[in-house]
Colleague: 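Here it is, the structure in full.
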Amino acid sequence: MGEKILMKGNEVIAEAALRAGCRHYFGYPITPQTEIAHYFAKKMPQYGGTFIQAESEVAAMNMVYGAASAGARVMTSSSSPGISLKQEAISYAACAELPAVIVNIMRAGPGLGGILAAQSDYFQATKGGGHGDYRMVVLAPSSVQELYELVVDAFNIADKYRTLCMIVGDGMLGQMMEAVEFRDKEDIYQADKSWAVTGTGMERDHNIITSIYIDPEVLEKHNLKLQEKYRKIAENETRVEVFNCEGADIIVAAYGTVARIIKNVIKTAEKEGIKVGLIRPITLWPFPTAEFEKYADVPQAFLSVEMSAGQMVEDVRLAVNGKRPVYFHGRMGGMIPTQKEILEKIREILK
Amino acid sequence: MRCDIAKMARVTFDEDRCKGCRLCVSVCPKKIVMMDEDKLNLKGFHPANVKEMDKCIGCAFCATICPDCVITVEK
Amino acid sequence: MAIVFQRPHALRETQMHYCPGCTHGIVHRLIAEVIDELGVEGRTIGVSPVGCAYNNYLYFNCDMVQAAHGRAPAVATGIKRVHPDNVVFTYQGDGDLAAIGTAEIIHAANRGEKITTIFINNAIYGMTSGQMAPTTLVGQVTTTSPFGRKPELHGYPLNVCEMLSTLKGAVYVERVSMHDIKNIKNAKNAIKKAFKVQMAGLGFSIVEVLSSCPTNWGIDPVNALKWIEEKMIPQYPLGNFKGKDLEV
Amino acid sequence: MFNKRITIFTGHFGSGKTEVAVNYALQAAETGKKTAIVDLDIVNPFFRTADVRNRLEAGGIKVITPVYANTNVDVPSLPAEINSLFEDKSYSVILDVGGDDLGARAVSRYRDQIACDDYIHYFVVNTRRPMTRTPDEIIRMILEIQDGAGLKVDMLVNNANMLGESTPELLAEASEILAVVSSRLSIPVGFISGMEEVLSAYEGDRGIERLYMKKNITLPWEQM
């Protein structure tokens, strides 16, 4: 590992992508993630790469589609309303099995909403914001250091499975500064990209990248192939942090920066004699169902804390499967749940 | 196919590719391209063809306007 | 005797799906002939549209990518930026390019993206069965303008070449037609020049091709060509709008 | 320190300008000066002067922030009140300018008023930030910011830190880097800033003024 430097979450996303071998970035400005574009705009020329400020998020994601078709490691980033615009090409890329990384530094919605932090795009990311039966790997870091590591992983997972990977962070994660330590060299998955369009060189049959299958039987077969791939990803790539869950009175489910609030709640609750556990999904899809199953018999209850009206809580309920009551506490609109209100909720549940 | 040196040019029709649109018929300056009433191709059309090949001048107009690459021209 | 005219190598043997007499097939062959003559098949990458030509990736021997409706210029941008030495072209119809993909084509052109666009203008939506296109003529009856296109209701036909030729990044802009042999030959020259402009790295090039749609126009193929000449050309004058004197 | 009517802080974004400007303002007010701080940051939407408005106002400091700071919109409109501070010379004014040349541009529109006033322009450096790690990078950043602001940098501020992971060694490391910048651009180091516990443990640069800072901006998960 090299020496530590102080970086903003958004800068780290771009730096990590460069270190992961990404040389093509297409984006469109939107707060609170625009520093990603600023960083690439300055750095890409040094790496001989491409930075294009596209005419829209729609175009940016389609540029990603083109660059991924051409075999490149490629990324786009945006914030909630911009991600909505990318959904068209996301669905197409999922069908065409194109590897790419998409970053969503979430802001408060719905609609134009506001620029402050939120986690209200959980459904959009994990349940498919675009049309059709597809999945994306959704990674949710909770610190700047983890952001770096997961961005690098995202490129590897994308190439390994020919899939889309989305990094979701709330505005705080994108905007905050933290010390980060980079590895001297990244472990880069060397994918076979003989499927990419590079020109036939008159040496092979033509390659075709497409998402259209007019024969329903063929399209169903392609769907089954995708589902099998998703099953494999779920088997191999599910990630979760389990903290303080052995013998816990209550287990809180939280991801991203909210999980950091919970870690402080755990300390305060301990002083009151309440043992609070934390299950922090690092992959929101695939959801770490097994960890919830594993601990479902222990605590009195589960509590999902989110910066949304209650989205991940649905997956927690599915995972806990009725064994224990599952509660929810959330804030919206750019408001951040406080330790105090979470503690009150915990006390109330355990009463 | 027999090669007749006296002929100036020859067009051959890949008849089963023909869709019977008659664009070739419309552009032939010698009016020798016509739908072959004696034949049906795989698609069930009377495909375009040339009977009086000795009148062909090899201008390739028929091939140029054919949307389906049915016609090969030799000269 | 020697063969003086045959299927170009860059066009696959696959029978094309277009209706009898549809001029899409001619344009495909012209593109393939140009690719052959320039000797670039091995380094050409095409981008297919949404529209009747959605699956023309099956017809070209070069590598092909199918794009979402209207997004071909963005997809081509992504490809070209990864492989700047390849020849990248998009093939788009009037719904694809002039309606849903207006932003993408304008900005790719304005960036001077080194790609070539072949724009098929047949004044109607073919794939979805005969709806009004941005390029539908005033008075033209379509399934969504059953009483004829009325400017006060539907606006005016969109002249893409005239519009794009105002952009600095668009360096070669030409409108051609499929309605007779002479014009088909002109079209091929224009497509060839457009490719050469790209290969010389000069900027964005586009060839708009006035094409027929006998099925949705309800006119037999031969008379459909006359319709191009008599009805379309007055609205869409042929000729070069930009880059006529470029030496490539 | 504290002896100019207008004090401008610029720097690479993330250099810690805001933390420095806020602490500087609080200490200036403690000396009995009538103090105003202006958040001119049009670059950074989160974590800004506006966050500590209450604490500043409790210290008797007038706080002027962009119209929409810390709301759910990101239109960086500058408040018209800023003009009043150039008229009313009874105030000591601290300008917290946004990062990089882009942020510095916001101050440029006032450069004529500033230039004829009694002012100092500090350039805050955190050598543990990318793009200001080496003398060359720092010099490039200074030149860009001078260009953007239209005002020459008068003094450097050594603000080497890694937030919670700061050490006196970072200040020492930065001191050497800044010495090179100083000699090449003939811009002296004005002061060294750091959190009290870190800066008091730093033995070097005894001849240079120091700004002992208190942490004013806390992260959401640290708040009760």
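Here is how names work: the chains are called A, B, and so on, in the same order as the sequence lines, proteins then strands, and each is numbered from 1. Hydrogens, waters and symmetry mates are skipped; everything else that's a heavy atom, side chains included, is used.
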Colleague: To the nearest 0.5 Å, what is the distance between CG on A:Asn62 and NE2 on C:His69?
Modeller: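 It is 12.5 Å, given to the nearest 0.5 Å.
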Colleague: Report which part of A:Ser69 has an atom under 4.5 Å of a heavy atom belonging to chain C: side chain, backbone, both, or neither.
Modeller: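 Side chain only.
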Colleague: Do A:Glu55 and C:Ile106 have side chains that get closer than 4.5 Å, going by heavy atoms?
Modeller: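 A:Glu55 vs C:Ile106: side chains apart.
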Colleague: Within the supplied structure, the quantity of interest is the number of heavy atoms (other residues, nucleotides, ligands) at a distance under 6.0 Å from A:Tyr28 OH; does it exceed 12?
Modeller: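 12 or below, so no.
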Colleague: Taking atom NE2 as the centre, does C:His9 end up with more than 12 heavy-atom neighbours from other residues, nucleotides or ligands that are less than 6.0 angstrom away?
Modeller: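 Not buried by this count: 12 neighbours or fewer within 6.0 Å.
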Colleague: May I ask you to list the residues in residues 70-88 of chain C that approach chain A closer than 4.5 angstrom, counting heavy atoms only, ordered by number?
Modeller: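 Within residues 70-88 of chain C, near chain A: C:Arg71, C:Ala74, C:Val75, C:Thr77, C:Gly78, C:Ile79, C:Arg81, C:Val82, C:His83, C:Asn86.
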Colleague: Taking 4.5 Å as the heavy-atom cut-off, does anything in residues 37-49 of chain C contact chain A, and if so which residues?
Modeller: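 Answer by number: C:Glu41, C:Gly42, C:Arg43, C:Thr44, C:Ile45.
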Colleague: Relative to chain C, which segment of A:Ala59 carries a heavy atom at a distance below 4.5 Å: side chain, backbone, both, or neither?
Modeller: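 Contact with chain C involves both backbone and side-chain atoms of A:Ala59.
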Colleague: Counting heavy atoms not belonging to A:Glu228, are there more than 12 under 6.0 Å from its CD?
Modeller: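 Yes, the 6.0 Å shell around CD holds more than 12 heavy atoms from other groups.
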Colleague: For the candidates A:Val64, A:Val74, A:Asp205, which exhibits the highest count of non-hydrogen atom pairs separated by less than 4.5 Å from chain C?
Modeller: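 It is A:Asp205.
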Colleague: Counting heavy atoms not belonging to A:Lys221, are there more than 12 under 6.0 Å from its NZ?
Modeller: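 Not buried by this count: 12 neighbours or fewer within 6.0 Å.
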Colleague: Mark yes when over 12 heavy atoms from residues, nucleotides or ligands other than A:Lys42 sit less than 6.0 Å from its NZ; otherwise mark no.
Modeller: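 For A:Lys42, atom NZ is crowded (more than 12 foreign heavy atoms under 6.0 Å).
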Colleague: Please flag which part of A:Arg23 lies under 4.5 Å from any non-hydrogen atom of chain C: side chain, backbone, both or neither.
Modeller: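 Contact with chain C involves no heavy atom of A:Arg23 at all.
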Colleague: Counting only non-hydrogen atoms closer than 4.5 Å, can you tell me which residues of residues 53-66 of chain C sit against chain A?
Modeller: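 Heavy-atom contacts from residues 53-66 of chain C to chain A are C:Tyr54, C:Tyr57, C:Leu58, C:Phe60, C:Asn61, C:Cys62, C:Asp63, C:Met64, C:Val65, C:Gln66.
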Colleague: Just to verify, what does C:Tyr156 make a side-chain contact (heavy atoms from CB on, under 4.5 Å) with, not counting sequence neighbours?
Modeller: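 Only C:Pro151 meet the side-chain contact (heavy atoms from CB on, under 4.5 Å) criterion with C:Tyr156.
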Colleague: Tell me, side chain or backbone of A:Ser91 under 4.5 Å from chain C's heavy atoms, or both, or neither?
Modeller: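 For A:Ser91, neither part sits under 4.5 Å from chain C.
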Colleague: What option among C:Arg12, C:His107, C:Glu104, C:Arg111 has the most heavy-atom pairs under 4.5 Å with chain A?
Modeller: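 The candidate making the most pairs under 4.5 Å is C:Arg12.
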Colleague: Is it the side chain or the backbone of A:Ala60 that comes within 4.5 Å of chain C heavy atoms, both, or neither?
Modeller: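 Nothing of A:Ala60, per the 4.5 Å heavy-atom cut-off to chain C.
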Colleague: Got a sec: does the CD of C:Glu162 have more than 12 other heavy atoms crowding it under 6.0 Å?
Modeller: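 For C:Glu162, atom CD is crowded (more than 12 foreign heavy atoms under 6.0 Å).
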Colleague: If you count every heavy atom of other residues, nucleotides or ligands that lies below 6.0 Å from A:Asp133 atom CG, does the total exceed 12?
Modeller: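 No, the 6.0 Å shell around CG holds no more than 12 heavy atoms from other groups.
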